[in-house]
Structures are given as C-alpha cells and as structure tokens.
Participant: 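This is the structure I have questions about; it appears just below.
In what follows, every chain begins at residue 1, and chains take the letters A, B, ... in the order their sequences are listed.
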Protein chains: 2
Amino acid sequence: MVKNNCRRHGWWNIKFRGCGYRLTSGREAILDILSKSEGHLSAEDIYMKLHPKYPNIGLTTIYRTLDVLANLGLIFKFDFGDKRARYELAEGPKGAQHHHHLICTSCKRVIDYTDFIDEEVKLLNETEKGLCQKYEFKITNHLIQFYGLCKICAKR
Amino acid sequence: MVKNNCRRHGWWNIKFRGCGYRLTSGREAILDILSKSEGHLSAEDIYMKLHPKYPNIGLTTIYRTLDVLANLGLIFKFDFGDKRARYELAEGPKGAQHHHHLICTSCKRVIDYTDFIDEEVKLLNETEKGLCQKYEFKITNHLIQFYGLCKICAKR
DNA sequence: ATCCTATATGAAAATGGTTTCCATTAGCAA
DNA sequence: TTGCTAATGGAAACCATTTTCATATAGGAT
C-alpha cells in the first residue's frame with residue numbers, strides 16, 4: 001500500500017499515465033537505476049544492476065521499457081560505436097544537466113562535458129529555425145558528438 | 001594493362017599504397033559506386049549496385065573494404081537509426097561537399113543540408129580547441145545530426 | 001615475364017545485440 | 001472483487017556484421 005502510494009507520486013507518473021502506460025515495479029526500478037547511476041548504461045548494464053534486487057525482471061522487459069521511456073522523451077538513446085545502445089536520463093525534475101559527449105575511438109570511453117554547451121545550443125537553435133523553414137522539417141532533437149583519442153590512448 | 005595503369009593513377013592510390021593496402025578491382029569498384037551514388041549507402045546497397053557488373057564480389061569483402069576506407073578517412077560511417085551502418089564518401093579531390101544531416105525519426109529519411117555549415121563549423125572549431133585543452137582529448141572528427149519529422153510525416 | 005609471399009577474397013558458419021512469440025501475470029477503472 | 005487490456009519473461013527468431021579457412025591475387029623481387 002505504502003509502496004503503491006509512493007509510486008503514484010513519482011514525478012514521471014503523470015507522463016506515464018497520461019500516455020496510457022501502466023506504472024509497474026519493473027519500470028520503476030529501471031528508472032530508478034538510470035537516475036542513480038552515471039549515464040551511458042547499456043540494456044545489459046541495467047539488467048546486471050537490477051538482477052540482485054529484482055531477479056525476476058528479464059532482459060526483454062528492460063529493452064521494452066527503455067523503448068517506452070525513449071518514446072516518452074524521459075531518456076535518450078545513444079550509439080557510441082561499441083555495438084550496443086546506451087541510455088541516459090533526459091533532463092527532467094531530477095535529471096542530469098544537459099551535456100554533450102567526447103568519444104574515444106580507440107577505447108570507446110565516453111566523457112561528458114557541459115562547457116560550451118550554452119554557445120552550442122544557442123547556435124543550434126538558430127540553425128534549427130533556419131532548417132525548419134527551408135526544409136519544412138520539424139526538429140525535435142539534436143545530437144552533437146566529438147570523436148578522437150582520449151588522454152591515455154593518445155599517448156601511444 | 002591499361003586498366004592496371006589507370007588504377008595506379010587513381011587519386012586514392014597514394015593513400016592506399018602508403019598504408020600498405022593493395023589496390024584491388026573490388027576496392028576500386030566500391031569506391032567508384034560511392035563516388036557515383038548520392039550518399040547514405042548501406043553495405044547491402046553497395047552489394048546490390050555492384051552485383052550486376054561484379055557478381056563475384058561478396059558482401060564480406062564489401063564490409064572489409066568499407067572498414068579499410070573508413071580507417072583511411074576516405075569515407076564516413078553513419079548511424080541513422082535504421083539498424084544498419086551507412087557510408088558516404090568523405091571530402092576529397094572528387095568528394096561531395098561538407099554537409100550535415102536531418103533525420104526523420106518516423107520514416108528514417110535523411111536530408112543533407114549545407115546551409116549554416118560555415119557557422120556551425122566555426123563554432124565547433126572553437127569548442128574543439130577548448131575541449132582539447134581541458135580534457136587533453138585529441139579531437140579528430142565531429143558528428144552533428146538533427147532529428148525530427150520530415151514534411152510528409154509531420155502531416156499526420 | 002615469372003616467382004614468391006603476404007594480403008585479399010568468398011562462402012559458409014558463428015556471433016551477439018535486439019526483437020518477436022506466446023502463454024501467463026498484474027495494473028487499474030468500475 | 002471483477003474484467004479488460006497492457007505488461008511480462010523465457011525461449012526462439014532475427015539479422016547486420018564478423019570470423020573462419022581454404023584459395024586466389026597484387027605487386028615487389030628476381
């Protein structure tokens with residue numbers, strides 16, 4: 001009862017229910033992991049972190065839930081070139097701050113950065129406006145990533 | 001003989017040989033397709049286009065060649081979210097001009113645009129400089145993509 | 001032109017992240 | 001509590017990409 005009551009007040013509750021999705025303990029647990037861990041989690045990462053406490057949540061459910069969350073805009077799905085999708089919480093009431101990524105093409109390490117974001121976003125907004133008009137394209141999101149060699153890999 | 005002579009003078013010849021790769025008719029054919037077709041080709045697209053004229057070039061070779069070409073920086077590999085890698089010729093003597101992508105999240109259509117590129121690249125260069133210093137990260141490449149709904153999909 | 005050896009190749013099999021199937025379970029509105 | 005429908009998990013299917021391995025070929029040396 002208490003647990004159930006708790007769920008009813010989660011900040012994502014409204015969004016979930018509003019879109020006709022049900023709030024299950026599995027989904028709650030997955031969102032919980034995502035908000036507690038630093039980003040860049042793969043489906044299997046989440047499965048591993050979840051398994052000790054929730055051994056009955058299968059990989060399939062995790063994939064399905066991540067899909068739902070991404071569709072709702074609660075999380076973002078990334079491809080960092082290591083052959084598996086990676087997910088991180090989008091900005092939200094408890095969300096991490098907006099950042100972009102530096103990706104090491106050698107060791108696949110990913111560094112988040114928040115510097116320069118403001119300038120980047122400002123330019124992006126102007127660009128978006130122009131592109132919207134010219135191509136009648138309704139832009140909802142953008143992706144900026146820098147590729148190169150991290151400190152360690154560069155020394156070889 | 002003539003053909004062979006021809007090959008020796010392809011603009012990519014130097015780069016190939018310089019890196020210890022051999023210039024084979026298969027590789028030449030793949031580069032040829034890439035430079036003749038408008039971008040966004042998948043490995044299978046290339047296979048299909050190649051097959052009528054070169055029925056003896058297998059998919060495996062195409063994957064391997066694309067890998068080599070990407071490592072040499074002659075082509076770029078993209079992920080547009082349709083579950084298969086897509087490749088396009090990088091800028092070069094005969095290469096297409098620098099552009100970025102608009103990706104429709106509904107129909108997966110990709111639109112190239114060259115507008116705003118200059119401003120974008122200018123900002124990116126500054127950002128790169130700053131990031132390089134702060135994170136000691138040697139940036140070699142960047143990716144900018146906009147996601148949203150194309151003209152047609154937006155009307156639903 | 002011919003030899004020689006490392007590189008390149010193709011066919012088939014393996015891989016592995018993700019999705020689908022389907023019978024069962026569980027939200028949640030009434 | 002009941003009923004309807006969405007959600008779930010395990011196993012099997014999917015499918016782009018990679019690996020394996022025996023054979024062919026590029027291209028430098030002779």
Side-chain angles (χ1 to χ4, degrees), chain A residues 1 3-10 12-14 16-31 40-48 50-51 54-72 77-87 108, chain B residues 1 3-10 12-14 16-31 40-48 50-51 54-72 77-87 108:
Chain A
M1 259 336 121
K3 181 122 192 272
N4 197 26
N5 191 47
C6 223
R7 258 190 236 158
R8 286 179 188 287
H9 292 84
W12 54 71
N13 184 5
I14 298 145
F16 247 91
R17 304 277 291 283
C19 295
Y21 292 111
R22 292 174 183 174
L23 194 53
T24 66
S25 57
R27 285 171 176 178
E28 191 178 34
I30 291 169
L31 259 171
H40 315 158
L41 295 178
S42 68
E44 198 177 348
D45 288 341
I46 295 169
Y47 179 77
M48 292 308 202
L50 229 48
H51 201 66
Y54 302 85
N56 49 337
I57 293 179
L59 239 191
T60 308
T61 294
I62 292 176
Y63 276 109
R64 273 186 297 225
T65 299
L66 290 170
D67 209 47
V68 169
L69 293 174
N71 282 336
L72 289 177
K77 182 178 184 180
F78 289 98
D79 166 30
F80 294 146
D82 65 345
K83 323 242 183 214
R84 72 200 57 202
R86 297 195 168 267
Y87 303 83
K108 311 293 180 196
Chain B
M1 259 333 118
K3 184 125 191 269
N4 197 28
N5 192 45
C6 223
R7 259 188 233 159
R8 287 180 188 286
H9 293 85
W12 53 70
N13 184 7
I14 298 145
F16 249 92
R17 304 277 290 282
C19 294
Y21 294 109
R22 292 176 182 173
L23 193 53
T24 66
S25 57
R27 287 171 174 177
E28 193 178 34
I30 292 169
L31 259 170
H40 314 154
L41 295 178
S42 68
E44 197 177 348
D45 289 340
I46 295 169
Y47 178 77
M48 292 309 201
L50 228 47
H51 200 66
Y54 302 85
N56 48 336
I57 294 179
L59 240 192
T60 309
T61 294
I62 292 175
Y63 276 109
R64 275 187 294 224
T65 298
L66 290 170
D67 209 47
V68 169
L69 294 174
N71 283 335
L72 290 177
K77 182 178 183 178
F78 289 98
D79 166 32
F80 294 146
D82 66 344
K83 323 244 182 212
R84 71 199 58 204
R86 296 195 170 267
Y87 302 82
K108 311 295 179 195

Participant: Using the test ring-ring contact (aromatic ring centres under 6.0 Å, His included), find all partners of F80(B) that sit at least two apart in sequence or belong to another chain.
Facilitator: H40(B), F78(B), H101(B)
Participant: Do R22(A) side-chain and dT5(D) base share a donor-acceptor contact under 3.5 Å?
Facilitator: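 Donor-acceptor pair under 3.5 Å: yes.
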Participant: Nearest heavy-atom pair of R27(B) and Y21(B): which atoms, and what distance?
Facilitator: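 That closest heavy-atom pairing would be NH1-CB, 3.8 Å.
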Participant: Could you give the CD1-to-C1' distance, from I57(A) to dT25(C), as a whole number of Å?
Facilitator: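 Nearest whole value for this atom pair: 14 Å.
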Participant: Between dT9(C) atom C1' and L50(B) atom CG, what is the distance in whole Å?
Facilitator: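 Rounded to the whole Å, the gap is 14 Å.
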Participant: Measuring to OP1 and OP2 of dT8(D), would you say a side-chain N or O of T24(A) lies under 4.0 angstrom away?
Facilitator: yes
Participant: Taking side-chain contact (heavy atoms from CB on, under 4.5 Å) as the definition, give me every residue that meets it alongside A43(A), ordered by chain and number, with sequence neighbours left out.
Facilitator: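 So A43(A) forms a side-chain contact (heavy atoms from CB on, under 4.5 Å) with L59(A), I62(A), Y63(A), L66(A).
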Participant: Rounded to the Å, how far apart are F78(A) CZ and dG17(C) P?
Facilitator: 20 Å
Participant: Grab the two heavy atoms, one from L72(A) and one from C19(A), that are nearest each other, plus how far apart they are.
Facilitator: CD2-SG, 3.4 Å
Participant: In residues 62-72 of chain A, what residues come within less than 4.0 Å of DNA chain C, judged by heavy atoms?
Facilitator: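 Heavy-atom cutoff 4.0 Å gives Y63(A), R64(A).
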Participant: According to a strict under-4.0 Å criterion, is T60(B) in side-chain N/O contact with OP1 or OP2 of dT17(D)?
Facilitator: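 Negative; the distance criterion is not met.
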Participant: OP1 or OP2 of dA16(D) versus the side-chain N and O atoms of K83(A): is any pair under 4.0 Å?
Facilitator: no
Participant: Can you sort out the partners of R86(B) under side chain to side chain donor-acceptor pair (under 3.5 Å), two or more places apart, ordered by chain and number?
Facilitator: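 Scan of R86(B) (side chain to side chain donor-acceptor pair (under 3.5 Å), adjacent residues dropped) gives D45(B), D82(B).
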Participant: What I'd like to find out is whether the side chain of F16(B) reaches to under 4.5 Å of the side chain of L31(B), using heavy atoms alone.
Facilitator: yes
Participant: Just how far, in rounded Å, is P of dA6(D) from OH of Y21(A)?
Facilitator: 11 Å
Participant: Starting at OH of Y47(B) and ending at P of dT18(D), how long is that distance when rounded to a whole Å?
Facilitator: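 So the two atoms are 17 Å apart, to the nearest Å.
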Participant: Think R27(B) has a side-chain N or O under 4.0 angstrom from the OP1 or OP2 of dT9(C)?
Facilitator: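 Yes, R27(B) has a side-chain N/O under 4.0 Å of OP1/OP2 on dT9(C).
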Participant: Roughly, in whole Å, what's the span from CD in E44(B) to P in dT17(D)?
Facilitator: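 Distance check: E44(B) CD to dT17(D) P gives 9 Å.
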Participant: Who pairs with H51(A) by ring-ring contact (aromatic ring centres under 6.0 Å, His included), at least two apart in sequence or on another chain?
Facilitator: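 In terms of ring-ring contact (aromatic ring centres under 6.0 Å, His included), with neighbours along the sequence ignored, H51(A) is linked to Y47(A).
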